[in-house]
K.L.:
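This is the structure, below, for whatever I ask next.
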Amino acid sequence: MKLNRFAIALLWLTASVSLGQAPDRAPYLDPGLPPERRAADLVSRMTLEEKVLQMQSTAPAIPRLGLAAYNWWNEALHGVAQGRATVFPQAIGLAATWDTDLMHRVADIISTEARAKYNDALTRPAASGPDALATLPGRTAGLTYWSPNLNIFRTPAGDAARRRTARTRT
């Protein structure tokens, strides 16, 4: 019984020290540590609700951890999809060229425009209010871009195409 009390007291003391750690000394803020360790430390400090809210495109701020609100929704499959930007052919059209040098040049232009939009967003005051993250420059105020893609062979129509392709090969 005394061992259990000792273990509980030790656990409580350890938890209170780590949870009470000053944010400026928190491992997740130390750029000298490996990213995996920093990420694990940051996530361990978040509540379940905070973790869930970070899993949407408009992730709210967590002031107690020094995390700003962030909008993860930036799409760049064939050009930056927000505001004025160069629009390139759809991915399947670019792929049909079989020109890897062209693909590198397209990606370079997209990334340059994304960085320009990011730098422009930094010069504007942050939006406020309930829809702040869904409006410009909220969507372009970050450098996270994704490119939605669909594998046509993993759709119902693609299943039929795959069966036809398999029959022609035999």
Side-chain angles (χ1 to χ4, degrees), residues 1-88 90-91 106-152 154-156:
M1 188 64 144
K2 284 186 179 186
L3 184 59
N4 284 346
R5 286 183 188 163
F6 176 74
I8 290 170
L10 184 61
L11 181 62
W12 178 80
L13 182 61
T14 305
S16 64
V17 168
S18 65
L19 292 175
Q21 187 175 23
D24 59 335
R25 294 181 48 208
Y28 74 92
L29 295 171
D30 183 353
L33 293 175
E36 296 81 9
R37 180 161 175 218
R38 295 176 67 194
D41 178 63
L42 176 61
V43 172
S44 75
R45 294 167 185 272
M46 296 167 68
T47 66
L48 178 60
E49 182 181 1
E50 289 168 339
K51 291 173 188 174
V52 169
L53 290 173
Q54 293 299 305
M55 295 173 63
Q56 58 187 354
S57 63
T58 53
I62 305 176
R64 69 182 183 80
L65 296 175
L67 294 180
Y70 193 80
N71 189 324
W72 299 93
W73 194 97
N74 279 324
E75 187 247 304
L77 178 61
H78 55 98
V80 177
Q82 288 294 313
R84 298 180 66 98
T86 305
V87 178
F88 296 96
Q90 285 287 341
V106 166
D108 183 57
I109 292 167
I110 292 171
S111 67
T112 299
E113 289 183 355
R115 284 189 305 276
K117 287 178 174 288
Y118 169 73
N119 289 325
D120 179 59
L122 293 177
T123 67
R124 301 181 197 191
S128 60
D131 297 325
L133 288 172
T135 60
L136 292 174
R139 285 191 173 174
T140 56
L143 288 173
T144 305
Y145 283 83
W146 53 277
S147 294
N149 209 332
L150 173 67
N151 180 346
I152 61 170
R154 295 195 57 126
T155 65

K.L.:
For I62 and M46, which heavy atoms make the closest approach, and how far apart are they?
P.N.:
CD1-CE, 3.7 Å
K.L.:
Is there a donor-acceptor pair under 3.5 Å between the side chain of R38 and the backbone N or O of D30?
P.N.:
yes
K.L.:
Which heavy atom of K117 sits nearest a heavy atom of V80, and at what distance?
P.N.:
CD-CG1, 3.5 Å
K.L.:
So which atom in Y28 and which in G66 form the shortest heavy-atom distance, rounded to 0.1 Å?
P.N.:
OH-N, 4.4 Å
K.L.:
Evaluate side-chain contact (heavy atoms from CB on, under 4.5 Å) for F88 paired with I109, printing each intermediate quantity in order.
P.N.:
CA-CA 10 Å; F88 296 96; I109 292 167; 3.6 Å; yes
K.L.:
About how many Å separate CD1 of I110 and NE2 of H78, when rounded to the nearest 0.5 Å?
P.N.:
9.0 Å
K.L.:
Assess whether a salt bridge exists between R45 and D41, defined as any Lys/Arg side-chain N lying under 4.0 Å from an Asp/Glu carboxylate O.
P.N.:
yes
K.L.:
Could you tell me whether E113 and R84 make a salt bridge, using a distance below 4.0 angstrom between a side-chain N and a carboxylate O?
P.N.:
no
K.L.:
Where the side chain of N119 meets the backbone of R115, is there a donor-acceptor pair that is under 3.5 Å apart?
P.N.:
yes
K.L.:
Look at the side chain of E75 and the backbone N and O of L77, then say whether any donor-acceptor pair between them is shorter than 3.5 Å.
P.N.:
yes
K.L.:
Any sub-3.5 Å donor-acceptor pair from Q54's side-chain atoms to P60's backbone N or O?
P.N.:
yes
K.L.:
Do we see a donor-acceptor contact under 3.5 Å between the side chains of Y70 and T58?
P.N.:
no
K.L.:
Any side-chain heavy-atom pair from T47 and E50 closer than 4.5 angstrom?
P.N.:
yes
